[in-house]
Amino acid sequence: MIKITFPDGNVKEYDKGVTALEIAQSISHRLAEEVLAASVNGQTVDLARPIDEDAELKLYKWDDAEGKHAFWHSSSHLMAEAIEALYPGTKFGIGPAIENGFYYDIDLGDDRHLTDVDLPKIEQKMMELARSKETYKRSEVSKDEALRYFAQKGDEYKVELITDLEDGTISFYNQGNFTDLCRGPHLPDTTQIKAIKLLSIAGAYWRGDEKRKQLTRVYGITFPKQKMLDDYLKMLEEAKLRDHRKLGRELELFMFSQNVGQGLPMWLPKGAKLRERLENFLKKVQKEYGYEQVLTPHIGQKELYVTSGHYEKYGKDSFRPIKTPQEGEEFMLKPMNCPHHCEMYKFKPRSYKDLPVRYAEFGTVYRYEQSGELHGLTRVRGFTQDDAHIFCRPDQLKEEFIKVIEIIFRIFNALDFKDFIAQVSLRDPENKDKYIGSDENWEKAEAAIIEAAAQKGLNTVVELGEAAFYGPKLDFMVRDAIGRKWQLGTIQVDYNLPERFELDYTGSDNQKHRPVMIHRAPFGSMERFVAVLLEHTAGKFPLWLTPDQVVVMPISEKFNDYAKKVVDYLNNCDIRTLIDDRNEKIGKKIRDNELKRIPYLLIVGEKEEESQSVSVRKQGEGDKGAMPMEEFAGLIQDEVNRQMSSL
RNA sequence: GCCACUUUAGCUCAGCGGUAGAGCAGCUCACUCGUAAUGAGCAGGUCGUGGGUUCAAAUCCCAUGAGUGGCUCCA
């Protein structure tokens, strides 16, 4: 007999060799149906794996990440089996579970390829196989055996994977006619997989290396219930309604033009207003924190980027230098603002008493992103960073870092952004040569970031080896409507540029010292930020941000003049107002989406004209009755002030 | 850049070898009408662009621009 300890501390005795599934069955029939994987002494294993010694046991169901993982990983094998059955001779790369579903990288051979129309066929085959209750059987094999199996099968990808593995750690899983190299764990059998949807096909380089062969990646998702799949697909549909590209067009915020060029967004009047408001807000906050606004040109001499090192690193993949009539003279569109700001730092000798110097600029930069990577406003070729560079003494680093975190908090709070991930990127301790700067400085900077984040109560994820070569950083990521992660705010410590531009200051010891530089952009870029803001708010902005807060609608064209008078009055009070001239005609109903997003609608007609008043409707609150114009102006100003003061 | 798909009216899409279609938006008229849908009528497109095949191309083929989902990349 062995003792099994459950998470609640209960201990029960079972026969040696009992499986987690049998234990679940002994507890309840229902549990046995729902359980997907188990953890034995902290190791996630198959339910069918015999347990031979006393153990702590945890059973994973759908709601546990481990349960979903086993489910989707098993689904991935099922898909591979279906593909092998339909397309014999297919070679398989890797097929893991991912955040939402799974994929498998496959190689169908040179003359075959998969398209969307093939997906239902594969789905059907998968359903067929799933219903036949195939069991997932684990077997441990020697490296030789494993290599022989896949060499004989002709699958060079698996052979390559096995070659890198250590003998004695290799296991196979088999279900039906399909055997795969896999660590597991898997479901006991395929019957729990009840709903299947293959979502898309994409190319993916073998082992993520663009020099190697591109395999076909098939993405899919499965569920234990059809309803769960229906709900998931519905959720994806709803997310599409919040897509910033759709909202941007509907709200007339921004546009792209084939004639202007790929990835070059243009801000329409309303979008420009929105952006202006965001910029003013940030300027106000930054002013409180001692930043000074600067302005720099959009181009700089090529030599500037040779000095900064960016030319060497990115020059060939960038917009080409601009030539002038002057032989040998070349300018580049600026891909970042730092070199310009460094030159400004060098404008005059700096004393330790002058530091920190904080230069802020809404700097428009141009980067030649790969065409396939462009995406709406989140990945573009010309964009405006809410950039600033802080030049400070090493001993000021932590304090400056804290202040930047505070600014980011102010912004995220003001816009009600709660769902973000803060990632601290440190250098790879195994590979210190990759980075510039002394050990001492790196240690100081990394400690400063970690301490600053902790001091501000920020929950961070620490990633080793993710630091830039010039310094560690703290990034803020948010998810878009369909759950993709985008980096917004970033704070980066830089030892490289002060060195390259030979920046210095005179210390109290009358010696020259190198300042440390912090790059920071709380929004990241105006474009990406607006995109994410749109998706988070579904276009319903707070009042202080709304490009047109008030729409005045005359009930018939008889009252157009009065409506214009109302608009003039409100505009004079600095209330952004729009007349809905599409509704001049009698009987016309408002059916424009846009009106749903405007906080206030004023309806004016005969009664209102007589009493110099407006009939007020507030979004979400309905009819507020008629009131004199002055009163309405006061009301809306109060509301905006209240919102602004809480920022 | 790579893989796959898409590209037809302002928007959403149908048509897939035989003279360009719908709904919504727009315009005109009628309705004293009130926050996602009044009615009738009108107007909107060399079917992304350039070649080719064919008696005939939106439709088939090639090239190219742009978009989408991924991969790679991301200062």
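Chain letters run A, B, ... following the sequence lines, proteins first, then strands; residues in each count from 1. Computed from heavy atoms alone, side chains included, the values below leave out hydrogens, waters and symmetry copies.
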Give me the distance, rounded to whole Å, that separates [N] from [M] when you measure between the [atom1] atoms they each carry.
N     : M     : atom1 : result
B:C33 : B:A66 : C1'   : 44 Å
B:A20 : B:U49 : P     : 15 Å
B:U54 : B:U59 : P     : 16 Å
B:A57 : B:A40 : P     : 38 Å
B:A58 : B:C16 : C1'   : 8 Å
B:G18 : B:A56 : P     : 14 Å
B:U6  : B:G48 : C1'   : 12 Å
B:A37 : B:A43 : P     : 29 Å

Is a side-chain N or O of [X] found less than 3.5 angstrom from the main chain of [Y], in a donor-acceptor match?
X        : Y        : answer
A:His244 : A:Leu377 : yes
A:Ser308 : A:His310 : yes
A:Lys158 : A:Gly93  : yes

Evaluate the side-chain proximity of A:Lys197 to A:Leu119: yes if any heavy-atom separation is below 4.5 Å, no if none is. no
In whole Å, what is the span from the [atom1] atom of [X] to the [atom2] atom of [N]?
X        : N     : atom1 : atom2 : result
A:Glu369 : B:C71 : CD    : C1'   : 15 Å
A:Met336 : B:A75 : CE    : C1'   : 4 Å
A:Tyr368 : B:C74 : OH    : P     : 17 Å
A:Glu210 : B:C74 : CD    : P     : 10 Å
A:Leu108 : B:C3  : CG    : C1'   : 12 Å
A:Glu466 : B:C73 : CD    : C1'   : 13 Å
A:His310 : B:A75 : NE2   : P     : 9 Å
A:Ile94  : B:C71 : CD1   : P     : 12 Å

With rounding to the nearest 0.5 Å, note down the distance linking OH in A:Tyr291 to CG in A:Leu282. 8.5 Å
Indicate for each nucleotide in nucleotides 64-70 of chain B, in 5' to 3' sequence, whether protein heavy atoms under 4.0 Å reach the base (B), only the sugar-phosphate (S), or nothing (-). -BSSSBB
A:Thr460 versus A:Gln423, side-chain donor and acceptor atoms under 3.5 Å: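 No pair is found: no donor N or O on one side chain lies under 3.5 Å from an acceptor on the other.
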Can you find a side-chain donor-acceptor pair between A:Tyr311 and A:Glu303 that sits under 3.5 Å?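 No, A:Glu303 and A:Tyr311 have no side-chain donor paired with an acceptor closer than 3.5 Å.
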Please work out which of the three classes, parallel, tilted or perpendicular, describes the rings of A:Tyr232 and A:Phe223, given edges at 30° and 60°. tilted
Looking at A:Glu400 and A:Arg358, is any side-chain nitrogen of the basic one under 4.0 Å from a carboxylate oxygen of the acidic one?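 Here A:Arg358 pairs with A:Glu400 in a salt bridge, since their nearest N and O are under 4.0 Å apart.
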Lys/Arg-Asp/Glu bridge criterion (N-O < 4.0 Å) met for A:Arg520, A:Asp494: no
Would you say CD of A:Glu502 has more than 12 non-hydrogen atoms from neighbouring residues, nucleotides or ligands within 6.0 angstrom? no
5'-most by nearest nucleotide on RNA chain B - A:Lys473 or A:Glu608: A:Glu608
For A:Asp105 and A:Trp206, run side chain to side chain donor-acceptor pair (under 3.5 Å): C-alpha distance rounded to whole Å, both residues' side-chain angles, the deciding distance at 0.1 Å, then the answer. CA-CA 8 Å; A:Asp105 284 346; A:Trp206 172 234; over 6 Å; no
Stem segments of RNA chain B by first residue number [Watson-Crick or G-U, under 3.5 Å, at least 3]: B:1-7 with B:65-71, B:10-13 with B:21-24, B:26-30 with B:38-42, B:48-52 with B:60-64
Compute the centroid of each ring, for A:Phe92 and then for A:Tyr104, and state whether the two points are separated by less than 6.0 Å. yes
Enter syn or anti for the glycosidic conformation of B:G44, syn applying to angles within 90° of 0. syn
Can you check nucleotides 5-12 of chain B for protein contacts, nitrogen or oxygen pairs under 3.5 Å, and list what you find?
residue	atom	partner	partner atom	Å
B:U12	OP1	A:Arg249	NH2	2.9

